[in-house]
Q: 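I'd like to ask some things about the structure below.
No hydrogens, no waters, no symmetry mates; every other heavy atom, side chains included, goes into these values. Order of the sequence lines fixes the chain letters, A, B, ..., with proteins taken first and strands second; residue numbering starts at 1 for each chain.
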Amino acid sequence: MAEEKSLNFIEEIIEEDLKSGKYKSILTRFPPEPNGYLHIGHAKSICLNFGLALKYGGKTNLRFDDTNPVTEETEYVDSIQEDIKWLGFEWDKTLYASDYFEQLYEFAVKLINKGLAYVDDSTSEQIAAEKGTPTQPGTESKYRSRSITENLQLFADMCAGEYEDGSKVLRAKIDMASPNMHMRDPILYRIKHAHHHRTEDNWCIYPMYDFAHGQSDSIENITHSICTLEFIPHRPLYDWLIENLEIFPSHQYEFARLNLTYTVMSKRRLLQMVNEKFVTGWDDPRMPTITAMRRRGYTADSIRDFCDKIGVAKRENLIDVGLLEFCVREHLNKISLRRMVVLDPLKIVITNYDEGRTEMVSIENNPEDPDSGYREVPFSNEIYIEQEDFMEVPSKKYFRLAPGQMVRLKSAYIIKCEEVVKDEDGKLTEIRCTHIPESKSGADTSGIHVKGTLHWVSIKHAVHAELRLYDRLFKVENVNAAEGDFKDHINHDSLQVISTAYAEPALLHAKFDERYQFLRKGYFCLDKDTSEEKLVFNRTVTLRDTWAKEQKKH
RNA sequence: UGCCUGAUAGUAUAAGGGUAGUACGACAGAUUUUGGUUCUGUAUGUCUAGGUUCGAAUCCUGGUCGGGCAACCA
């Protein structure tokens with residue numbers, strides 16, 4: 001019995017529209033500008049737009065808002081499509097605002113003919129000055145009263161390439177005194193003699209966002225055009241253009257964009273991180289981009305689940321990145337194969353275990369999944385455990401290895417620490433232990449109960465691997481609100497590379513599509529930098545660590 | 001000084017005139033051959049002042065606070 005989930009405000013609008021018969025079905029769109037890679041904020045929008053269509057039996061178009069040729073590239077077009085598919089969504093039509101350039105031109109002509117648009121020869125400085133300020137009305141351009149005929153000719157000449165970049169624009173004739181800055185004769189077209197990634201050199205005038213987006217929505221018969229809050233003041237213009245062009249009335253609805261703690265989410269800033277080499281690229285696993293999260297090992301399921309959990313509303317929000325990590329862990333816990341890897345080795349010699357002997361112990365692949373079976377892991381008299389799993393002078397709640405203390409080695413034997421060996425400098429070199437032969441997992445007749453269980457790797461069977469551990473990219477929770485430049489807050493210790501970790505042999509056959517939990521150390525996946533010579537793993541996310549939390553208290 | 005927009009536990013998000021609920025986080029405990037998982041429990045909230053009403057998070061009025069708006073960007 002599915003619990004009835006409450007509706008967000010957009011779902012309410014849609015249900016109302018469907019119920020009233022305003023629409024028979026809905027059509028949404030996801031409209032990225034191909035000038036950067038998609039990030040987790042886009043994922044929220046994607047899940048919303050595609051999710052709505054799925055829920056109400058409609059469709060979603062993918063439309064590239066490619067009206068500014070100087071920043072847009074096909075590299076981004078390709079990555080965007082890949083990321084949406086990976087997230088698990090299918091769009092109806094692949095469209096481009098540039099597909100409509102011809103029609104948009106006709107729309108502009110129509111507006112001119114209605115006396116609602118004019119060509120302005122003012123410089124951008126002049127236009128800005130005449131625009132006024134939010135508290136003071138603007139003044140009208142001296143070109144505002146040109147005749148329809150003259151405007152028609154001038155606009156045609158603009159299109160024909162007779163003018164330099166910036167020398168003329170086409171403006172809507174609305175109201176220079178409007179309290180809404182966007183209604184003060186907004187620019188509709190500008191001249192850019194630039195190469196476009198699709199229309200190439202066919203055009204030298206390009207429509208502005210406001211004259212492309214809503215019109216594209218209308219051409220496609222989009223019923224619900226969903227965008228972020230900063231477009232609210234554009235809505236009167238969106239509606240004005242549709243009304244005066246007398247075209248299909250799409251409607252715009254705005255929701256609050258996603259902000260995440262310890263993260264920047266603007267494409268401009270992310271591009272800066274890439275260009276200035278704070279990260280290795282758009283897919284650096286520390287980035288909040290979809291491609292980076294995929295590389296890091298986040299699953300599409302967990303990202304969708306996250307987007308579902310954060311909800312959709314109109315108030316500004318700053319979501320705890322911990323919630324994203326929770327979603328990732330929750331999914332990974334169910335699907336990850338358990339493996340043992342020692343990151344920071346401490347040698348253990350088991351003195352009462354035959355030196356030449358190798359014993360295979362059987363370990364479950366995933367206790368959360370009974371069908372995942374077991375694997376055989378070699379055990380011998382010399383093994384590595386983590387340095388942190390031994391304390392010469394244990395603190396009170398410590399129940400790992402310490403002089404005279406016993407712990408269980410996962411799926412193998414209970415061992416007892418008999419002797420601590422150090423070098424001349426007093427540095428630990430090895431721990432000598434004895435094992436309890438009758439304590440073997442599955443056949444334990446020792447009657448001994450220990451509190452700690454450690455992961456371990458047999459030294460002579462160990463496989464070497466490089467591990468990359470990631471921390472948050474920024475040191476402050478709210479980067480947007482932090483003083484100074486955002487780059488001042490970059491965490492320069494966000495990447496820790498462990499060049500040699502010791503892994504159980506099964507990981508020699510690690511696969512790119514499998515997820516692993518390195519026991520007690522976190523979730524990992526194979527990185528694309530893996531080669532014949534070297535295994536490279538990314539730590540996707542740590543395990544919850546209540547022991548570390550406990551220690552921080554003291 | 002204008003216009004637009006929003007305000008519910010630490011963070012998000014419900015409740016649409018009738019018991020303020022859910023998730024993450026925090027805290028306490030149980031289980032556990034991962035200090036993981038799972039389970040149980042606890043604490044913490046309606047921006048403010050009035051008004052309408054038997055009854056207000058919800059409706060009305062005033063205030064306070066936050067965000068946005070002056071790119072030939074989207």
Q: If I take atom CZ in residue A/F231 and atom P in nucleotide B/A71, what distance separates them, rounded to the nearest angstrom?
A: 15 Å
Q: Check the distance between B/U8's C1' and A/K314's NZ and give it to me in whole angstrom.
A: 18 Å
Q: Just by protein heavy atoms under 4.0 Å, how would nucleotides 18-34 of chain B read 5' to 3' in B, S and -?
A: -----SS-SSS----BB
Q: Out of B/C72, B/G35, B/A74, which has the shortest distance to the side chain of A/Y398?
A: B/G35
Q: Considering every strand and a 4.0 Å limit on heavy-atom distances, what is the contact class for A/H455: base, sugar-phosphate, or nothing?
A: nothing
Q: Regarding A/E130 and A/R184, does a basic nitrogen lie under 4.0 Å from an acidic carboxylate oxygen?
A: no
Q: Answer yes when A/K192 and A/D165 have at least one side-chain N-carboxylate O distance shorter than 4.0 Å, and no when they do not.
A: no
Q: Mind listing the N/O atom pairs, protein and nucleotides 40-44 of chain B, below 3.5 Å?
A:
none

Q: Please confirm whether any donor atom in the side chain of A/H234 sits under 3.5 Å from an acceptor in the base of B/A74, or the reverse.
A: yes
Q: What does B/C59 pair with, Watson-Crick or G-U, if both distances are under 3.5 Å?
A: B/G51
Q: Looking at every heavy atom in both A/N365 and A/S372, which two are closest together, and how far apart are they?
A: ND2-O, 2.9 Å
Q: Could you tell me if the ring centre of A/F231 sits under 6.0 Å from that of A/Y238?
A: no
Q: Taking OH from A/Y209 and C1' from B/C69, how many angstroms apart are they, rounded to a whole number?
A: 14 Å
Q: Is the shortest side-chain N to carboxylate O distance from A/E386 to A/R520 below 4.0 Å?
A: no
Q: Kindly point out which of B/C69, B/U8, B/C72 is positioned nearest to the side chain of A/H182?
A: B/C69
Q: Any salt bridge linking A/D305 with A/K309? Criterion: basic side-chain nitrogen under 4.0 Å from a carboxylate oxygen.
A: yes
Q: Quick one: pull up NZ in A/K416 and CG in A/L401 and give me the separation to the nearest 0.5 Å.
A: 11.5 Å
Q: Measuring only the P atom in each nucleotide, how far is B/C39 from B/A20? A whole number of Å is fine.
A: 27 Å
Q: Check the geometry between A/W547 and B/G35 and answer yes if their rings are stacked (centres below 5.5 Å, planes below 30°), otherwise no.
A: yes
Q: Is the shortest distance from a Lys or Arg side-chain nitrogen in A/D157 or A/K168 to a carboxylate oxygen in the other one below 4.0 Å?
A: no
